[in-house]
Amino acid sequence: MKNSNLKLIKGGLDRSAGREIKYISGYVTNTRLMGVVCMYTHWYEPYEDEDFHQFFYFDCEENGFEDYKSIRGNDAVGISIIEAKLAGGLGGENVDISRIEAESLLGEYVYFNRKRGIPLPGDVSEYEFMLREDVEISGEEKETLFAKLCGPVDNRYQAINYFLMKSFAHDYQAARYLCSARVNLHVFDEYKNVTFYKNTIDGTETPDVYMCESLIESRRRFYLVTSEISMNGNGIEGIRKCTSIKLSLPEVNMIMSKPEYITVYDIVTDCDMVDDLIKRNVIRASARSHDNGNCYIVYNKNNDHVSRRVFWLNEDVYGIYFVSVYNQLIACSYHEDYIDQMEIELAVSEIGSHIRIASRYEFKDPVLNDFMLSDFEDFEDFVEFMSGFEDK
């Protein structure tokens, strides 16, 4: 890869005996506009007479080349587990790529890390053979690859939400993909380290012009930013920042308030067994450990929430499972129909024979996260305590 200041050190899978590793296949998730991409490559190594599978996780905005996993041989279960961990929660589709596209993308994010002093993940010797200095990719090929990474833009709501998301993040490359060359990409440069929580889009009396109200957090301060966006088809033709209002925490909580639906199960057998079954059977999940149990956040199969008039950051979440040390399994969702589906899925799964429904709740504000961060082990004790606290 030219002009990347990378130095190739032969090793790992690079063999000098004339039996070059063979590229079998590869894909990328078309989730670049969400800010993260997973890349998979499958190789055959004649020197070892075995297949070799790699997974690369790229954070396109902050952390760069963030994670790397590999597996030798063709263990389908092992490959699926890695794939579910790194790509399962991204909500995208897998798009085939060539070897040169895979090497170009890897080189781009290795350069990203080294430029910012971010350590490369995993065993570098396993993928440094892909960092060839003679990798050349034309401007047209780069555009084709970037289009694969981004996927199609199907409607105006999706285009606007993605454009604002990328503009607030100062991800100018992705923002430019969504707009014409004349659009100013720097209207939100005053906001740093932004979290884009919510966006509401409304039409105006002028055709192809929309007003947007965006709730963001920047440097621990919250703002409600309004902007005017003009469209041509599904492309952004212009943007104008209108107002920016600083919000108090109570105001933010009022805007962000959403109901939370929870079903509590008693674990009638073994807590560790249920925890293990969830790890093995619940796909598209990311795990987090707490003092009072383990949390599994399950993501939706797609990113359709970006295509809605009202965008919420957390609507890519299908539901949450929490296995508490108090022998409770807690199922939670922000949608009533989702929690109903979660109950059905648990009942027909292998987990169903190990649990029994104890109670159901509907809270007007989120509760589960507060419980996970508390000193309580029993969720129902926590709810009773909080109810008594609110009554005073």
Side-chain angles (χ1 to χ4, degrees), residues 11-15 19-32 34 36-60 63-110 120-131 145 148-149 151 275-289 294 296-303 316 318 321 345 349-351:
L13 296 179
D14 184 83
R15 306 297 184 184
R19 304 174 69 183
E20 184 181 0
I21 188 168
K22 180 181 178 182
Y23 182 79
I24 304 299
S25 64
Y27 70 71
V28 289
T29 57
N30 60 353
T31 52
R32 174 64 180 83
M34 292 299 294
V36 290
V37 168
C38 182
M39 181 174 77
Y40 162 78
T41 55
H42 176 195
W43 308 83
Y44 173 69
E45 188 182 9
Y47 189 89
E48 299 289 350
D49 188 26
E50 68 178 358
D51 289 79
F52 182 57
H53 305 265
Q54 299 171 300
F55 289 88
F56 305 82
Y57 186 91
F58 304 126
D59 180 324
C60 310
N63 301 318
F65 183 10
E66 188 173 0
D67 203 357
Y68 168 79
K69 304 292 181 185
S70 65
I71 187 168
R72 294 182 181 273
N74 290 312
D75 177 6
V77 174
I79 293 169
S80 296
I81 289 173
I82 297 175
E83 184 177 41
K85 176 179 174 59
L86 294 187
L90 300 186
E93 297 178 352
N94 301 334
V95 183
D96 291 341
I97 54 171
S98 66
R99 172 172 181 163
I100 193 171
E101 287 176 323
E103 291 174 336
S104 175
L105 189 61
L106 175 62
E108 176 184 342
Y109 283 99
V110 167
L120 295 174
D123 185 349
V124 179
S125 69
E126 287 191 352
Y127 53 81
E128 64 187 359
F129 75 96
M130 297 174 64
L131 303 174
L145 175 58
K148 289 183 178 182
L149 295 172
D275 193 60
D276 185 59
L277 286 172
I278 289 178
K279 288 178 183 176
R280 291 193 283 112
N281 293 294
V282 177
I283 60 173
R284 306 188 313 276
S286 64
R288 299 177 185 176
S289 295
N294 292 326
Y296 300 90
I297 302 174
V298 187
Y299 294 93
N300 283 315
K301 297 178 181 179
N302 54 54
N303 292 311
D316 60 340
Y318 171 69
Y321 295 107
E345 291 170 354
S349 72
E350 189 179 352
I351 301 169

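Note that the structure is a prediction, hence the values are computed from the model and not measured.
Rounded to the nearest 0.5 Å, atoms NZ (Lys22) and CG (Asp51) are 10.0 Å apart. To the nearest 0.5 Å, the span separating CG on Asp59 from CD on Glu66 amounts to 5.0 Å. Rounding to the nearest 0.5 Å places CG of Leu105 at 5.5 Å from CG of Leu149. Atom CG of residue Leu131 and atom CG of residue Leu106 lie 5.0 Å apart, to the nearest 0.5 angstrom. Rounded to the nearest 0.5 angstrom, Ile24 CD1 and Phe52 CZ are separated by 13.0 Å. Asp275 CG to Ile351 CD1: the interatomic distance, rounded to the nearest 0.5 Å, is 10.0 Å.
Using a 4.5 Å heavy-atom threshold, the side chains of Arg288 and Ile297 count as touching. Under the 4.5 Å side-chain criterion, counting only non-hydrogen atoms from C-beta, Tyr127 is in contact with Leu120. Between Asp67 and Phe55 the shortest side-chain heavy-atom distance does not fall below 4.5 Å. Under the 4.5 Å side-chain criterion, counting only non-hydrogen atoms from C-beta, Val282 is not in contact with Tyr296.
The only member of Tyr109, Tyr27, Phe65 that meets ring-ring contact (aromatic ring centres under 6.0 Å, His included) when paired with Phe56 is Phe65.
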Item to check | Intermediate values then yes/no, side-chain contact (heavy atoms from CB on, under 4.5 Å), Tyr299 and Leu90 | outcome: CA-CA 8 Å; Tyr299 294 93; Leu90 300 186; over 6 Å; no
Checklist entry - Does the pair Tyr68 and Glu126 meet the rule for a side-chain contact (heavy atoms from CB on, under 4.5 Å), with working shown? => result CA-CA 10 Å; Tyr68 168 79; Glu126 287 191 352; 2.9 Å; yes
Checklist entry - How far apart are the C-alpha atoms of Tyr44 and Asp49, what are their side-chain angles, what is the distance that settles it, and do they pass the side-chain contact (heavy atoms from CB on, under 4.5 Å) test? => result CA-CA 7 Å; Tyr44 173 69; Asp49 188 26; 2.4 Å; yes
Next on the checklist: Under the criterion side-chain contact (heavy atoms from CB on, under 4.5 Å), I'd like the reasoning laid out for Asn63 against Tyr57: C-alpha separation, chi angles, the key distance, then a yes or no.
Outcome noted: CA-CA 10 Å; Asn63 301 318; Tyr57 186 91; over 6 Å; no
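For the pair Gly73 and Ile79, the tightest heavy-atom approach, listed with the atom from each and the gap, is O-CD1, 4.5 Å. Residue Ala87 comes nearest to Thr29 through the heavy atom pair CB-CG2, 4.1 Å, listed as atom of the first residue, atom of the second, then distance. Of all heavy-atom pairs between Val37 and Thr31, the closest is CA-OG1, 3.8 Å. Among all heavy-atom pairs drawn from Ser289 and Asn294, the shortest one is OG-OD1, 3.3 Å. Across all non-hydrogen atoms, the minimal contact from Ala102 to Thr41 is CB-CG2, 3.9 Å.
Every residue two or more places apart in sequence or in another chain that forms a side chain to side chain contact (heavy atoms under 4.5 Å, CB included) with Asn281 is listed here: Leu277, Glu350. Here Asp75 pairs with nothing under the side chain to side chain donor-acceptor pair (under 3.5 Å) rule; sequence neighbours left out. Scored by the side chain to side chain contact (heavy atoms under 4.5 Å, CB included) test, Ser80 finds no partners at all (sequence neighbours excluded). Tyr40 meets the side chain to side chain donor-acceptor pair (under 3.5 Å) test with His53; sequence neighbours excluded. Partners of Arg280 by side chain to side chain donor-acceptor pair (under 3.5 Å), not counting sequence neighbours, listed by chain and number: Asp276.
The list of side chain to side chain donor-acceptor pair (under 3.5 Å) pairs with a residue in residues 88-99, not counting sequence neighbours, reads Ser98-Glu101, Arg99-Glu103.
For Asp123 (side chain) and Ser125 (main-chain N/O), a donor-acceptor pair under 3.5 Å exists by modelled atom type. Although no hydrogens or angles enter the test, the distance criterion places no donor-acceptor pair under 3.5 Å between the side chain of Ser25 and the main chain of His42.
Ring geometry for Phe129 versus Trp43: interplanar angle over 60°, hence perpendicular rather than tilted (30 to 60°).
Heavy-atom contacts from other residues, nucleotides or ligands closer than 6.0 Å to NZ of Lys85 number 12 or fewer.
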